[in-house]
Amino acid sequence: SVVYARRGPEVWSHFGPRVQRFLAGGEETGSSPWPSFAFLLLLVMAGVGGGWKLGRNFMALPHEGPLVVSAEDYPVQAVEFMLQNGVAGNLDCSFNWGEYCIFKLHPQCRVFCDGRYETVYPAEVAELALATEGEENWRRRVQDYPTEAILAPVDDAFAAWAARRDDFIEVYRDSTARLLLRRTARNASLLEAWRENRLRSATASRSAAPFPA
């Protein structure tokens with residue numbers, strides 16, 4: 001809804017005059033009223049469908065338990081590892097994990113990027129975060145932005161590329177996620193602890209975890 005609201009003036013500048021003429025019964029001679037009618041019908045359907053969905057969700061709230069996320073689909077253990085060891089800084093995480101990481105890791109981590117798209121990010125930032133291939137895009141993600149850590153799926157091509165760089169070191173991996181730290185002053189003590197095998201292990205369940213929690 002927020003994304004549509006941002007585009008509202010643009011949509012209205014295109015369709016508004018036609019809708020106004022249609023409502024006033026003043027469509028130009030020879031022009032078809034059906035496009036304007038279809039647009040109004042679409043608005044009605046969106047309103048009815050959205051209202052029904054929202055009402056249904058509110059009615060279901062008292063009967064539903066906490067939302068549970070799968071540790072196979074979300075980096076439950078990896079995030080727990082980060083919390084246990086005080087990993088902080090600018091985090092590049094999988095686009096699908098962004099909001100989970102924001103909830104779990106705020107305020108010690110600033111996340112790039114999550115599913116709010118253009119509501120909070122410039123379009124070019126959202127497009128860059130969604131780029132799943134191309135070394136030029138990956139290079140921009142770590143050089144144009146001060147990335148200090150990467151949390152990604154174990155089979156993620158971007159993480160595999162970063163792991164081959166001299167300035168990133170993988171310090172954690174499980175069946176779902178891998179964590180790479182950049183050689184920075186902030187991460188120096190963590191990397192030293194990793195080399196000396198002093199980092200604390202994750203204690204989160206491998207099955208599921210409540211979210212929020």
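We use all heavy atoms of the structure for the numbers below, so side chains are in, but hydrogens, waters and symmetry mates are not. Position 1 is the first residue of the sequence, and the numbers go up from there.
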About how many Å separate [atom2] of [Y] and [atom1] of [X], when rounded to the nearest 0.5 Å?
X      : Y      : atom1 : atom2 : value
Leu191 : Glu196 : CG    : CD    : 11.5 Å
Asp92  : Cys101 : CG    : SG    : 10.0 Å
Leu181 : Thr147 : CG    : OG1   : 12.5 Å
Cys109 : Leu83  : SG    : CG    : 8.0 Å
Glu170 : Trp194 : CD    : CH2   : 8.5 Å
Lys104 : Met82  : NZ    : CE    : 13.0 Å

Show the atom names and distances, to 0.1 Å, of all donor-acceptor pairs under 3.5 Å that link a side chain in residues 39-52 to residues at least two apart or in another chain.
none

**Study point:** Derivation and outcome, side-chain contact (heavy atoms from CB on, under 4.5 Å), residues Asp114 and Ile102
**Key:** CA-CA 9 Å; Asp114 71 280; Ile102 288 174; 3.6 Å; yes
Tabulate below the donor-acceptor pairs under 3.5 Å that side-chain atoms of residues 149-157 make, not counting sequence neighbours, or state none.
residue	atom	partner	partner atom	Å
Asp156	OD2	Phe158	N	3.2
Asp156	OD2	Ala159	N	3.0

Review point. Which residues satisfy the salt bridge (charged side-chain N to carboxylate O under 4.0 Å, His left out) test with Arg200, sequence neighbours excluded?
Key: none
Exercise for review: Applying side-chain contact (heavy atoms from CB on, under 4.5 Å), run through Val76 and Tyr100 and close with a yes or a no.
Suggested key: CA-CA 9 Å; Val76 174; Tyr100 179 81; 3.6 Å; yes
Check your understanding: Would Arg183 and Asp167 count as a salt bridge (Lys or Arg N to Asp or Glu O under 4.0 Å) if you check the C-alpha gap in whole Å, the side-chain angles of each, and the deciding distance to 0.1 Å?
Key -> CA-CA 5 Å; Arg183 297 179 189 270; Asp167 54 344; over 6 Å; no
Point to revise | Partners meeting ring-ring contact (aromatic ring centres under 6.0 Å, His included) with Phe112 (sequence neighbours left out) | key: Tyr145
Given 3.5 Å as the limit, does a donor-acceptor pair link the side chain of [X] with the main chain of [Y], or not?
X      : Y      : value
Arg140 : Leu128 : no
Ser201 : Phe81  : no
Asp174 : Thr176 : yes

Study note, to complete from the structure: Residues at least two apart in sequence or cross-chain that pass side-chain contact (heavy atoms from CB on, under 4.5 Å) with Asn90, listed by chain then number, are Arg110, Pro146, Glu148
**Study point:** Residues forming a side-chain contact (heavy atoms from CB on, under 4.5 Å) with Gln143, sequence neighbours excluded
**Key:** Arg139, Arg165
**Study point:** Residue pair Tyr74 / Asn96: nearest heavy atoms and the distance that separates them
**Key:** CE2-O, 3.9 Å
